[in-house]
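Notes follow the structure.
Just so it is clear, the values below take in all heavy atoms, side chains as well, and ignore hydrogens, waters and symmetry mates.
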Amino acid sequence: MAEILVLGAGMIGVSTALALQERGHEVTIIDRNAPGRETSYGNAGLIQTEAVEPYAMPLAPGALLQIALGRGYDVKWNIPGLLDQAWAVLAYARNSLPAAHKRASHVWGKLIRQSTERHAPLVAAAGADNIIRRNGYIELHRTPALMDKALAAAERFKTEFGVEAVLLDGKQLRTLEPSVKIEVTGATHWSDSWNCSDPGGLVAAYAALFQKRGGRVLNGDAGDLHRKGAAWVADEAEGEHAVVALGPWSPMMLARYGLKVPMVYKRGYHRHYHMETPPHHPIADFANSMVTSPMRRGLRIATAAELTRHPRLVPPQLKHAEEGARELFDIGDPVEAEPWTGRRPCMPDMLPVVGRVPEQPNLWAHFGHGHQGFTLGPVTAEILADEMDGGEGWAALQPDRLKR
């Protein structure tokens, strides 16, 4: 049994702590904020089993022109934000080419299909069933051409990965979701995914379970990590091992220990709105680059990605998404005075970093899940915990690939 420090109290860090605790280790989580208040708070609340392919960069000439001219809403950028991560973005583009993306999807699909299975015992033990819905989510298709593409995707995902989906016409959609007030061609109901009405609350519930089982959560400076003899020390805690699970802050930490981490920082925004009769499911409207999710605080409207150093006070993507949501639903005023914003830690090869940090005894990495840290936390936590207990780990996820 080892004493282990886990740096970071998001879904990744808390899941890691629970997996190690389950194996008999004494674990301390260290973070400057309460569990679930950073990146893990700001998402659409989806625990996705259908997202078997990681998000690729659009490479069609028309899509690239739209992005370059700033006309679309899937990706926004400014010059300083792009220059800060130009090499990582170029690497992301190379890995979005068909052959590389297929290789990444082979690994990614194996991870994502385990997500609800790994979350299930934690949800039950944490008493969090009241914020989990097991009814999937819906993706709208506004045109016949998009509906045809959706049918082909659903058939392929079923054949290759066993993903369950139900294709709906416009009438069936309105029956399932009467709050949708316009006619659309159809929709895909990804029926075996789950969704959560309070993502930050689920992380907090998992952290409370960890503490109930004897774990320690320390409100302190994880960035203080340093060696003291054979031990790792951070703030007032000490352990034989340390796990860096700091999401978008991980590269800054690991640069001190000789590991250069190229990362694409995709900024996202969300805001909650009053709604008397919210939808029963999260609804993705990719034509407007948004996902709307019924949450405890109201209807959450979440945007696509922006490459920028600093958040915008009035994000154009959120303004566009709000206009699209008002077309779909009868929604009221915003709940918050300002939108939430945070960064997604995306690796250029689209796979998370999970395993031993090269040339650093008992230092481990667990980050880089992009848009799916909330979904994948318990899955990759098991992979890391097994490796820390002497298992082989997953070669495709190892940090040493960043040295090659």
Side-chain angles (χ1 to χ4, degrees), residues 41-52 55 112-113 115-117 119-120 123 128-142 146-147 149-151 153-154 157-158 161-202 268 270-304 321-322 324-332 335 371-372 374-376:
Y41 172 79
N43 54 70
L46 301 176
I47 300 174
Q48 297 183 255
T49 54
E50 92 298 336
V52 291
Y55 292 107
I112 210 86
R113 291 299 290 164
S115 58
T116 54
E117 176 188 348
H119 272 277
V123 168
D129 275 296
N130 61 318
I131 57 173
I132 297 295
R133 295 178 295 252
R134 295 169 174 83
N135 60 350
Y137 91 100
I138 291 171
E139 181 183 339
L140 297 184
H141 311 301
R142 289 176 175 259
L146 291 175
M147 191 68 195
K149 287 179 65 177
L151 176 60
F157 284 11
K158 173 66 175 178
F161 298 98
V163 174
E164 295 294 337
V166 179
L167 276 295
L168 308 170
D169 61 26
K171 183 178 179 180
Q172 290 169 320
L173 171 64
R174 292 290 300 276
T175 299
L176 190 63
E177 285 290 2
S179 61
V180 175
K181 63 182 184 180
I182 64 169
E183 293 293 336
V184 298
T185 300
T188 304
H189 180 199
W190 299 106
S191 52
D192 63 357
S193 292
W194 294 0
N195 57 90
C196 175
S197 64
D198 185 354
L202 184 63
H270 81 237
R271 205 173 192 182
H272 297 96
Y273 296 78
H274 292 289
M275 188 170 181
E276 291 296 326
T277 308
H280 304 302
H281 308 76
I283 297 180
D285 181 8
F286 294 132
N288 284 303
S289 305
M290 69 170 181
V291 180
T292 58
S293 299
M295 298 281 180
R296 280 177 162 175
R297 299 198 68 190
L299 185 72
R300 178 177 290 187
I301 300 176
T303 71
E322 181 184 333
R326 291 191 185 280
E327 182 184 14
L328 286 175
F329 308 113
D330 290 321
I331 62 175
V335 172
H371 300 258
Q372 297 291 0
F374 187 74
T375 289
L376 287 176

Under 3.5 Å donor-acceptor, D285 side chain and G324 backbone: no

Check: T292 side chain, I283 main-chain N or O, donor-acceptor pair, under 3.5 Å: yes

R300 to Y41, cation-pi by 6.0 Å centre distance and 45° axis angle: yes

Sidechain-backbone polar pair: R113 side chain, G162 backbone, donor-acceptor under 3.5 Å: yes

Sub-4.5 Å side-chain heavy-atom contact between L176 and I138: yes

4.5 Å side-chain heavy-atom contact, M275 and F329: yes

N43 side chain reached by Q372 side chain, heavy atoms, under 4.5 Å: no

side-chain contact (heavy atoms from CB on, under 4.5 Å) between M147 and L167, worked out: CA-CA 9 Å; M147 191 68 195; L167 276 295; 3.5 Å; yes

Pairing of D169 and R174 as salt bridge, 4.0 angstrom limit: no

Nearest-0.5 Å distance that lies between atom NZ in K171 and atom CD in E183: 10.5 Å

Atom pair CD1 (I301) and CZ (R326), whose distance is rounded to the nearest 0.5 Å: 7.0 Å

Electrostatic pair R297-D198, nearest N-O below 4.0 angstrom: no

Check: I47 and F374 side chains under 4.5 Å, non-hydrogen atoms: yes

Within 6.0 Å of NZ in K181, more than 12 heavy atoms from elsewhere: yes

Minimum side-chain heavy-atom gap T375-T116 below 4.5 Å: no

pair E276-I331: side-chain heavy atoms closer than 4.5 Å: no

Expected output: side-chain E139 to main-chain W190 donor-acceptor under 3.5 Å: no

Atom pair CG/CG of L151 and L146 - distance to nearest 0.5 Å: 13.0 Å

For the student: nearest non-hydrogen atoms of G136 and H189, plus distance: CA-NE2, 4.2 Å

Check: T49 side chain, D192 main-chain N or O, donor-acceptor pair, under 3.5 Å: yes

Close side-chain approach of F161 to E50, heavy-atom, < 4.5 Å: no

Note, P279 side chain near L299 side chain (heavy atom, < 4.5 Å): yes

Audit row: L202, I132, side-chain contact (heavy atoms from CB on, under 4.5 Å) steps and yes/no: CA-CA 9 Å; L202 184 63; I132 297 295; 4.1 Å; yes

CG on L140 to CD1 on I182, rounded to 0.5 Å: 7.5 Å

OG on S197 to CG on N130, rounded to 0.5 Å: 7.0 Å

Step-by-step side-chain contact (heavy atoms from CB on, under 4.5 Å) determination, R133 to W194: CA-CA 6 Å; R133 295 178 295 252; W194 294 0; over 6 Å; no

Stepwise side-chain hydrogen bond (donor to acceptor under 3.5 Å, both in side chains) test for H280 and E177: CA-CA 7 Å; H280 304 302; E177 285 290 2; 4.7 Å; no

Within the 6.0 Å centroid threshold, strictly below: H274 and H272: no

Test side-chain hydrogen bond (donor to acceptor under 3.5 Å, both in side chains) applied to H141 and T188, step by step: CA-CA 8 Å; H141 311 301; T188 304; 2.7 Å; yes

S293 side-chain N/O to G45 backbone N/O, donor-acceptor pair under 3.5 Å: no

Spatial distance of atom CG (L173) from atom NE2 (H281) [nearest 0.5 Å]: 10.0 Å

CA sep, side-chain torsions, deciding dist, call: N135, N195, side-chain contact (heavy atoms from CB on, under 4.5 Å): CA-CA 8 Å; N135 60 350; N195 57 90; 2.9 Å; yes

